[in-house]
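When reading the values below, keep in mind they use all heavy atoms of this one structure, side chains included, and skip hydrogens, waters and symmetry mates.
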Number of protein chains: 2
Amino acid sequence: MSMQSVVPSLSRRQSTSAGQRPMEVHGLFGSIELMGARMSYSRNAEIYGDDEPAEYLYKVLSGAVRICKLLDDGRRQITAFHLPGEIFGLEVGNTHRFTAEAIVDSSIVVVKRSTVVALAARDGDMARQLWAHTARDLQQMQEHMLLLGCLSAKERVAAFLLQIGKRMSASNEFELPMARQDIADYLGLTIETVSRTMTQLEHDDAIGLLTSRRIVLRDRAVLKRLNA
Amino acid sequence: MSMQSVVPSLSRRQSTSAGQRPMEVHGLFGSIELMGARMSYSRNAEIYGDDEPAEYLYKVLSGAVRICKLLDDGRRQITAFHLPGEIFGLEVGNTHRFTAEAIVDSSIVVVKRSTVVALAARDGDMARQLWAHTARDLQQMQEHMLLLGCLSAKERVAAFLLQIGKRMSASNEFELPMARQDIADYLGLTIETVSRTMTQLEHDDAIGLLTSRRIVLRDRAVLKRLNA
DNA sequence: CGATAATTTGATTTTTCTCAAGACGCGTGG
DNA sequence: CCACGCGTCTTGAGAAAAATCAAATTATCG
């Protein structure tokens with residue numbers, strides 16, 4: 001697993017075009033690109049590991065990332081996926097408590113945590129943005145707990161497809177970056193149950209499976225009704 | 001549900017004894033008592049509701065609180081329990097996204113959110129503490145997701161008892177403040193499964209059930225091995 | 001084209017849920 | 001003090017959901 005093909009590339013601090021003040025315009029999270037280095041991670045590469053010091057903060061440019069924890073006996077829980085434009089790896093303490101891995105070959109901007117924390121110490125608004133980001137993560141986790149605690153397999157898969165669909169594309173069609181096993185570990189199901197449930201949703205005409213990865217949402221009403 | 005027997009009582013800003021600087025000594029969370037009003041909530045009273053404006057921040061003095069969300073069809077997920085000494089209700093945005101209810105008659109300190117947020121705007125360390133608190137909540141949610149996504153019924157109940165045991169008492173014996181139904185909704189199980197699992201753990205000599213609520217942890221090793 | 005990984009499908013088992021009933025605990029009022 | 005009622009908890013039997021085991025099919029890559 002996780003072959004080490006991390007290729008750092010130097011594309012930092014490209015001069016901002018005249019008169020822009022990206023810090024104010026987009027806040028931290030719009031301007032991370034300007035402060036960090038672009039890195040490439042190949043499929044299944046580990047970006048950071050459980051219990052490692054949290055030295056960096058990451059933003060996905062392209063590709064996709066999974067945040068997960070592996071239990072001793074091999075069971076795995078994926079707590080989040082991160083798609084292009086999203087930020088991950090922000091910790092308040094100084095160690096990571098989960099592992100981050102590239103799901104497909106991914107391009108990611110990396111910023112030193114110390115830089116950001118120092119910024120926040122001087123700038124109250126920046127501090128607030130960091131807090132808000134952690135709060136957003138928390139909210140997503142709470143949503144996900146609802147899913148894991150209350151929903152049936154069919155409801156979980158439907159909720160998942162709606163969620164990813166919204167994040168991946170404005171239209172009804174999109175390509176899943178992750179394998180069935182990843183989906184299963186995210187939804188707390190087995191790969192077989194995920195597969196069967198997708199087939200079932202297709203028979204119900206709620207979705208279309210152009211290929212196993214390429215999905216069309218045909219009937220959002222049905223999918224949403226499955227949700228709470 | 002949730003009878004309105006909220007009894008505010010005025011015990012605020014009791015003069016700090018000479019020379020103490022509780023702000024610096026305990027930080028925000030040690031000194032909340034000094035900034036807020038004590039309130040009493042009776043069993044099953046709602047402390048705040050889903051989608052209500054988040055005007056206050058709360059600290060449990062005595063009793064216990066559940067944070068939950070109710071789905072349309074009656075399914076309920078409890079995302080957290082709060083025991084004496086613990087803080088809840090802190091939101092970054094200005095609405096609550098869950099409901100908080102007293103599990104038993106509870107005494108709770110209530111502080112205006114605006115007070116705390118204003119404090120944080122002036123004091124970077126305070127801001128950091130708020131962030132840290134949200135991060136702790138996040139971490140707990142992530143732990144809980146692991147439980148909901150990966151563990152069997154027996155593992156969940158064992159993990160729950162260890163967790164509550166640690167928070168309730170230094171010894172091995174403690175009284176559960178919540179009913180079986182609350183435990184079930186927290187663990188993503190049914191009340192029957194929780195009950196059966198407890199009986200089974202007792203037969204395994206992992207725990208003792210002095211009464212249905214009073215628990216003794218007899219064999220932590222067994223309980224922990226059930227955990228990850 | 002062949003090898004390997006990913007996905008789907010089928011048959012069976014296990015776990016957990018559901019429905020139903022009984023036991024227990026506790027406060028109230030006779 | 002006891003009987004009653006009510007809410008909570010436990011237990012049992014059967015049903016349902018999802019997991020497991022096994023195999024077939026399909027996609028991917030050199």
| query | Can you check the B:Arg180 CZ to C:dC24 P distance for me, whole Å? | reply | 15 Å
| query | For B:Leu148 and C:dT16, what is the distance between atoms CG and P respectively, to the nearest whole Å? | reply | 13 Å
| query | Between A:Leu189 and B:Glu192, who's closer to the 5' end of DNA chain D by nearest nucleotide? | reply | B:Glu192
| message | Just the rounded figure in Å: distance from C1' of C:dT7 to CE of A:Met178. | response | 16 Å
| query | Given D:dT11, is OP1 or OP2 found less than 4.0 Å from the side-chain N or O atoms of B:Thr199? | reply | yes
| query | For the ring pair A:Phe81 and A:Tyr186, is the centre-to-centre distance below 6.0 Å? | reply | yes
| To the nearest angstrom, how far is A:Ile191 atom CD1 from D:dA22 atom P? | 17 Å
| request: Give a yes or no on whether the backbone of A:His82 and the side-chain of A:Arg66 come within a donor-acceptor separation of less than 3.5 Å. | output: no
| A:Arg196 side chain N/O closer than 4.0 Å to the phosphate oxygens (OP1, OP2) of D:dA17? | no
| task | Tell me which of B:Leu209 and A:Lys154 sits closer to the 5' end of DNA chain D, going by the nucleotide each one is nearest to. | result | B:Leu209
| said: Counting the atoms with a prime plus P, OP1 and OP2 as sugar-phosphate, which does B:Ser195 contact under 4.0 Å by heavy atoms, base, sugar-phosphate, or nothing? | reply: base
| query | Between A:Arg43 and C:dA6, is there a side-chain N or O to OP1/OP2 distance below 4.0 Å? | reply | yes
| request: Begin from the C-alpha positions of B:Ser195 and B:Glu192 and carry the test side-chain hydrogen bond (donor to acceptor under 3.5 Å, both in side chains) through to its verdict. | output: CA-CA 5 Å; B:Ser195 183; B:Glu192 294 95 334; over 6 Å; no
| query | Is the centre of the A:Phe98 ring less than 6.0 Å from the centre of the A:Tyr48 ring? | reply | no
| message | Taking any heavy-atom pair under 4.0 Å as a contact, classify B:Thr211: base, sugar-phosphate, or nothing. | response | nothing
| said: Using the side-chain heavy atoms of B:Ala179, tell me which of these nucleotides is nearest: C:dT9, D:dC9, C:dT7. | reply: D:dC9
| Does B:Thr193 place a side-chain N or O at less than 4.0 Å from the phosphate oxygens OP1/OP2 of C:dT16? | no
| said: Please report the distance, rounded to the nearest Å, between CZ in B:Arg213 and C1' in D:dT10. | reply: 14 Å
| Atom CE in B:Met141, atom OG1 in A:Thr79: separation rounded to 0.5 Å? | 13.5 Å
| query | Nearest-Å distance, CE (B:Met198) to P (D:dT8)? | reply | 16 Å
| message | Let's see if you can work this out: which of C:dT8, D:dC9, C:dC17 has an atom nearest to the side-chain heavy atoms of B:Thr190? | response | C:dC17
| task | Can you tell me the distance, in whole Å, between the CZ atom of A:Arg214 and the C1' atom of D:dA27? | result | 16 Å
| task | May I have the distance from B:Asp185 (atom CG) to D:dT8 (atom C1'), rounded to whole angstrom? | result | 15 Å
| request: Describe the nucleic acid contact of A:Arg156 in one word from base, sugar-phosphate, nothing, applying a heavy-atom distance below 4.0 Å. | output: nothing
